[in-house]
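Comments concern the structure below.
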Amino acid sequence: MAKEKDPGLQHIMKLNIRAVREPKGIYNELSKKYGQNKAREIMDDLYGTVRKVGYKSFYERKDADYDIAMIFSGCYDADIVRKACNWIYDHQNAFGDEILEIGCDCGFMTTFLGSLFQDKHITAIDRNQFGIDIAKRNVEKYGLTNVEFICADVTELKGKTYDTVFSMRTMQENGQSGEIEDLSNELITQASIYTEDKQDYANSLSSLVKDSGTFVSIERLGRNALFLAWLQALTDAGLKVDLESYSELSCMEVGDTPTFETMVFSKTDCSDVNVFMSFMSCVADCIDITLPMFEGWDAKIMYEFTRGKMIDGIELLDTITGAKSRAICCLHKQDDTCILWYSNNNGNVHLEYHDIEQKDECIEQIKNTIEEAKKLNYIKITRLGE
């Protein structure tokens, strides 16, 4: 069968949704339907709901009206829906006969799954009955008969299993910590915190996948600790990532251009999985590992990937503000002629690679930093070492 040209675009056109570049675009779309005054009231109401009572009530408010939900969600979601549909079209073999969709909301993805896999059965769940009601209307418009809906949380489906579980943008709303990031943490440390936060949710998802079944994940992550944590939590839950399935989807989302990490996992033995190396395999194409220096998350990632034995290091804690800074000199794991100079100043992260002959200069710089810090009685100094 010849591949359709941009099936995702065809799908969002059929849904009659379109992405906008900024919040004003949402207002303009609402104004076409309701007029300017009513559009302004709707915008104030929805954004006010998020600020005052959180996202659960926001979804209930948004989805209480079909047209408002389709316009508002369409403006935010159309581009990611388009690109997710195209990715699914290219990875149809990842989907089995019984498919569970987690968090269907308005049914943008439900209708695509039902249309693409007309010989398969789709079960779509959401915690919001209003969202399900909208999704049902869209399924009826498509004339689909292979979709059923359940208003439920994943934890309420105990005992049920599916050939494929599909989850798109559900991970970040399921956890305990709220994913508050300590910017001074290194990649592995922060990922461990996130992993603990997400483990129960990952376990619940895995319990719904049949043995040898698949889990399809599309999440707004990026090259960061949350991505590594999601891989770790799913692996610990018995889901093994298929690295060849990985794609990074860059999408337009009302004034932002987030990336969505898209992967297929299989339910199988994960004892041979090196999660960090799986993470590196996914992000390697986006990082030029030959560069002599890195900033931000790339610096944190490359530090973990290349650091060897520590030569010297310090951590400074501002006991008044709680801000932390860290400076570390260590050997390169794979190159004994190279050293790493790594600094993390309360989240401002920098990594440089130097010839080993500069080791003494780095050690001297750490000593000078210690002497300067001693002059400030509110700075706590901790010498790091292995």
Side-chain angles (χ1 to χ4, degrees), residues 1 3 7-8 11 80-81 83-127 132 135 138-139 142 144-171 174 198 201-221 230-231 233-247 249 260-270 273 278 282:
M1 181 178 68
K3 179 180 177 179
H11 180 60
I80 175 57
V81 168
K83 290 171 181 174
C85 290
N86 286 336
W87 182 90
I88 289 171
Y89 190 92
D90 290 336
H91 294 81
Q92 295 179 48
N93 60 352
F95 290 79
D97 292 335
E98 288 286 338
I99 301 170
L100 173 68
E101 180 193 6
I102 308 293
C104 66
D105 194 39
C106 296
F108 292 166
M109 297 305 300
T110 316
T111 44
F112 183 77
L113 293 172
S115 300
L116 182 64
F117 301 121
Q118 294 188 30
D119 59 338
K120 305 179 188 296
H121 184 262
I122 319 296
T123 301
I125 70 168
D126 200 285
R127 293 179 291 199
I132 286 179
N138 286 327
V139 164
Y142 271 63
L144 300 173
T145 59
N146 59 336
V147 179
E148 70 169 306
F149 292 93
I150 302 175
C151 185
D153 184 87
V154 292
T155 59
E156 299 174 289
L157 299 179
K158 292 180 179 179
K160 296 184 179 181
T161 56
Y162 302 83
D163 297 305
T164 300
V165 174
F166 169 65
S167 171
M168 180 165 147
R169 294 182 306 179
T170 69
M171 178 270 292
N174 289 273
K198 300 303 178 186
Y201 185 56
N203 292 343
S204 295
L205 293 172
S206 180
S207 70
L208 296 169
V209 182
K210 292 180 180 178
D211 290 340
S212 300
T214 57
F215 172 65
V216 178
S217 170
I218 300 179
E219 292 292 347
R220 179 175 175 161
L221 299 169
W230 189 227
L231 283 175
L234 292 171
T235 302
D236 291 346
L239 295 169
K240 184 176 183 178
V241 64
D242 175 4
L243 294 175
E244 292 186 359
S245 72
Y246 172 76
S247 293
L249 308 179
F260 291 82
E261 275 56 47
T262 307
M263 297 164 284
V264 177
F265 297 77
S266 57
K267 187 151 185 190
T268 187
D269 178 24
C270 296
V273 177
S278 295
C282 292

Would a 4.5 Å heavy-atom cut-off, applied to side chains only, mark I218 and M109 as touching? no
S207 to T161 - nearest heavy-atom pair and separation: O-CG2, 3.6 Å
Taking side-chain hydrogen bond (donor to acceptor under 3.5 Å, both in side chains) as the definition, give me every residue that meets it alongside S247, ordered by chain and number, with sequence neighbours left out. W87
State which residues pass side chain to side chain contact (heavy atoms under 4.5 Å, CB included) with T214; sequence neighbours excluded, sorted by chain then number. T164, V264
Across all chains, not counting sequence neighbours, the salt bridge (Lys or Arg N to Asp or Glu O under 4.0 Å) partners of D163 are K210
So, do T111 and V139 sit near enough that their side-chain heavy atoms are less than 4.5 Å apart? yes
Considering all heavy atoms, the nearest S204-T155 contact: OG-CG2, 3.9 Å
List in chain and number order the residues that pass ring-ring contact (aromatic ring centres under 6.0 Å, His included) with F149, two or more places apart in sequence or in another chain; answer none if no residue qualifies. none
Test your reading of the model: is there a side-chain donor-acceptor pair from D126 to the backbone of I132, 3.5 Å cut-off? no
For S167, what residues pass the side chain to side chain contact (heavy atoms under 4.5 Å, CB included) criterion, not counting sequence neighbours? I102, T170, Y201, F215, E219
Could you walk me through whether H121 and E148 satisfy the side-chain contact (heavy atoms from CB on, under 4.5 Å) test, starting with their C-alpha distance in whole Å, then the side-chain angles of each, then the deciding distance to 0.1 Å, before giving a yes or no? CA-CA 8 Å; H121 184 262; E148 70 169 306; 2.9 Å; yes
Please identify each residue that fulfils side-chain hydrogen bond (donor to acceptor under 3.5 Å, both in side chains) with Y142, with sequence neighbours left out. H11
Sub-4.5 Å side-chain heavy-atom contact between I80 and R169: yes
Using the ring-ring contact (aromatic ring centres under 6.0 Å, His included) criterion, which residues pair with Y162? Sequence neighbours excluded. none
Please report the closest heavy-atom contact between Q118 and N146, naming both atoms and the distance. CA-ND2, 3.5 Å
Is the closest side-chain heavy-atom distance between S115 and L144 below 4.5 Å? yes
Which residues pass the side-chain hydrogen bond (donor to acceptor under 3.5 Å, both in side chains) test with R220, sequence neighbours left out? E253, D256
Where A202 and A237 come nearest, the two heavy atoms and their spacing: O-CB, 3.7 Å
Taking K160 for its side chain and L208 for its backbone only, find out whether a donor-acceptor pair lies under 3.5 Å. no
Is there side-chain contact between V154 and L205, with at least one heavy-atom pair below 4.5 Å? yes
For residues L231 and T235, report the shortest heavy-atom separation together with the two atoms involved. O-OG1, 2.7 Å
Taking the side chain as every heavy atom from C-beta outward, state whether I88 and F95 have any pair of such atoms under 4.5 Å apart. yes
Applying side chain to side chain contact (heavy atoms under 4.5 Å, CB included), can you list everything that pairs with K240, at least two apart in sequence or on another chain? S266, T268, C270, D272, V273
If you compare all heavy atoms of V209 against all heavy atoms of G213, which two are closest, and at what distance to 0.1 Å? CG1-C, 3.5 Å
Any residue meeting side-chain hydrogen bond (donor to acceptor under 3.5 Å, both in side chains) with K267, in chain and number order, not counting sequence neighbours: none
Checking L221 against M171 for the side-chain contact (heavy atoms from CB on, under 4.5 Å) test, could you report, in this order, the C-alpha distance in whole Å, the side-chain angles of both residues, the deciding distance, and whether it holds? CA-CA 10 Å; L221 299 169; M171 178 270 292; 3.0 Å; yes
With sequence neighbours excluded, give me every salt bridge (charged side-chain N to carboxylate O under 4.0 Å, His left out) pair touching residues 105-125. K62-D105, D97-K120
Among residues two or more places apart or on two chains, list those pairs meeting salt bridge (charged side-chain N to carboxylate O under 4.0 Å, His left out) that have a residue in residues 149-159. R127-D153
Hey, mind stepping through I150 and T123 against side-chain contact (heavy atoms from CB on, under 4.5 Å) and telling me if it holds? CA-CA 7 Å; I150 302 175; T123 301; 3.8 Å; yes
